[in-house]
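Working notes for the structure below.
A note on names: the letters A, B, ... follow the listed sequences, proteins ahead of strands, and every chain is numbered from 1. Basis for what follows: all heavy atoms, side chains included, without hydrogens, waters or symmetry-related copies.
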Amino acid sequence: MIVIQTDDVDIGALIIAAKKHGTGAVVVFDGVVRDDDITEMELEAYEDVATQELDKIAKNATEQFRLLHVDIIHRIGRLAVGENILMIIVAAGHREEAYAGSRFIIEAIKAGVPIWKKELTKDGGRWVPGEHGHGKPKTS
Amino acid sequence: MIVIQTDDVDIGALIIAAKKHGTGAVVVFDGVVRDDDITEMELEAYEDVATQELDKIAKNATEQFRLLHVDIIHRIGRLAVGENILMIIVAAGHREEAYAGSRFIIEAIKAGVPIWKKELTKDGGRWVPGEHGHGKPKTS
Amino acid sequence: MTVKIRFFARFRELFGADIMTDVVTGTMFTSLITTIAKKNPEGYAAIFDEKGAFREFVILMKNGKRIDIADAAKTPVADGDEIAVFPPVAGG
Amino acid sequence: MTVKIRFFARFRELFGADIMTDVVTGTMFTSLITTIAKKNPEGYAAIFDEKGAFREFVILMKNGKRIDIADAAKTPVADGDEIAVFPPVAGG
């Protein structure tokens, strides 16, 4: 499942479903709204393009790290502190591939998928600056 | 929760409980019985010592990677293909620490916690050789 | 011919999410966005620098594909195109 | 005085899980295990090499603490000690 949606998902159920034949390791990344003195987080996506990018990232990770299963669920809309923003569930034969595949996916999402976050505070809000100024991975 | 037990756990519930104040990332490692032409896996631990070692590893990882929460559940007894063997749930402020902490814990467990696995096959069984010949991390 | 312009995040707050606009054949990406942006001084200043060039961090897309800022002035838009203009991404 | 010896994994299959044994004061770790192991030739060969030394991969513990093979011959056991002998670990 590669999806951008407002609803949360049941990570436990996704882990069970990820265990394809040959699985020896499942790695889950769960990005959470951190309490940086905010009231809520608001997320926005260029949905069609972002979904295509997530598909590509999942495909690249699957090939590069011989993954057996990949789920990426990126939530949008208003999320409270502690809520799940992004869940990546990766299954592989061995832990090295599972960790590396998971890490590859989160870094690729941070680098180039058109999704934005605004931290809402008592006094208004501010858009979170991207980690990569040009929307591409830094080369230095 | 740092525990060696026969029962499985609800990973979804553990993820929710792991989200301590300040959490921005949760990383889960779930080691699974892989179908290497086996019927079942049998796990055995030197329980008191293994639990102490897991406690130490969790403490070291918490300090070294500023983790906000650590669960380690290592199962023993007979497990079928696809069942969870080891679940590590780690929460941190940021993803770098969560991934690094998770990886530190699994490598430390593989290197030095007195737990053994026997693969049961149609024709009998064989003890899984450790990744580290002397029960200590390789230095080369 | 009609083109859809989509703004996101801070640019959406300044310009609105979607703008449908009629353009003449041969209109280039940069001139289209310049025309739209000039209607809103604050929005214009967010996207363009003092010399009227796209600010270096601005990301441009045509039908879901990245257009380099350097190429935008000579990239024509066509009927039915979806143009997107947005600040650096921050998902995950 | 009484000492508890615990074997794990393949060694457990050869010797049984726990052995309670009476020893005289001053008995050393290596001599205690050698005496126990000699009762079972297959088990002895799993733990000791042809020269009667612990095989290099064997792990020894006294009361939950690792004892180096090199130190085991001069490490005394005391009443109530828990001695453990096991092959390389393979958890996770």
Is it the side chain or the backbone of B:Ile89 that comes within 4.5 Å of chain A heavy atoms, both, or neither?
->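 Contact with chain A is absent: no heavy atom of B:Ile89 under 4.5 Å.
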Those residues of residues 66-81 of chain B that come under 4.5 Å of chain A on a heavy-atom basis, listed by number, are none
Contact list (residues 15-31 of chain B to chain A, heavy-atom gap under 4.5 Å, by number) returns B:Ile15, B:Lys19, B:His21, B:Gly22, B:Thr23, B:Gly24, B:Ala25, B:Val26, B:Val27, B:Val28, B:Phe29, B:Asp30, B:Gly31
Pair count under 4.5 Å, heavy atoms only, with chain A: among B:Asp36, B:Asn84, B:Leu14, highest is B:Asn84
* To do: Identify which of B:Ser102, B:Gly82, B:Ala98 forms the greatest number of heavy-atom pairs closer than 4.5 Å to chain A.
  =>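 So the answer, after comparing B:Ser102, B:Gly82, B:Ala98, is B:Ser102.
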